[in-house]
Every structure is written in C-alpha cells, then in structure tokens.
Amino acid sequence: MSGQHNEFTIGVGYQGHFGRHHMTDEQLETGIKLNKWLTDKYDLSENYIVGHRDLVY
C-alpha cells in the first residue's frame, strides 16, 4: 500500500488515462521542469524519482 510513504514523499500526479492515451508534449515538458525544480530544491538525485507502482506493495 503506497499510503505508508506519504509522510516522507512528494506525489506528482498527471491527468489522463495513459493506458489509452499518451501524455501530451506539454505534460511531458512541464513534468520534466517540475521534477528538475524539486530535485534542485531538495538537493536530490534524479534516482529518487520513482513511479507510483514502485511504492505499492
């Protein structure tokens, strides 16, 4: 269950049904910028960026 990680993680969600559609170019570009800003702000390696499914057990 991913809820156990909510105390020490930052969740980023994207709107859409990606099993049926691809993310738009704007979503991808904005997501990259957001991830870059978060890793810079919190001095994190990009290796700390994981998918939701990586935290669900």
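Source: prediction; values computed, not measured. These values consider heavy atoms only, across backbone and side chains, with no hydrogens, waters or symmetry-generated copies.
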**Student:** Rounded at 0.5 Å granularity, tell me how far CD in Glu46 sits from CG in Leu38.
**Tutor:**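 Going from the CD atom of Glu46 to the CG atom of Leu38 covers 13.5 Å.
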**Student:** Could you tell me the separation between the OG1 atom of Thr39 and the CG atom of Leu44, rounded to the nearest 0.5 Å?
**Tutor:**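 Between Thr39 OG1 and Leu44 CG, I get 7.0 Å after rounding to 0.5 Å.
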**Student:** If you compare all heavy atoms of Gln27 against all heavy atoms of Tyr14, which two are closest, and at what distance to 0.1 Å?
**Tutor:**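 Residues Gln27 and Tyr14, closest heavy atoms: O-CE2, 4.0 Å.
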**Student:** Between Asp54 and Gly51, is there a donor-acceptor pair closer than 3.5 Å when you use the side chain of the first and the backbone of the second?
**Tutor:**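 Side chain of Asp54 to backbone of Gly51, a donor-acceptor pair under 3.5 Å: yes, one is there.
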**Student:** Check whether any side-chain heavy atom of Leu34 lies under 4.5 Å from a side-chain heavy atom of Val12, and answer yes or no.
**Tutor:**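 Touching, per the 4.5 Å side-chain cut-off.
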**Student:** Give the cluster check for Val50 versus Tyr48: same hydrophobic cluster or not, with ILVMFWY residues linked at side-chain heavy-atom distances below 4.5 Å.
**Tutor:**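 No; tracing contacts between hydrophobic side chains, which count when under 4.5 Å, never links both residues.
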**Student:** Would you call Thr24 and Leu28 a side-chain contact if the rule is heavy atoms closer than 4.5 Å?
**Tutor:**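 Counting from C-beta outward, Thr24 and Leu28 never come under 4.5 Å.
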**Student:** Atom CD in Glu29, atom CE in Met23: separation rounded to 0.5 Å?
**Tutor:**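 That separation rounds to 11.0 Å.
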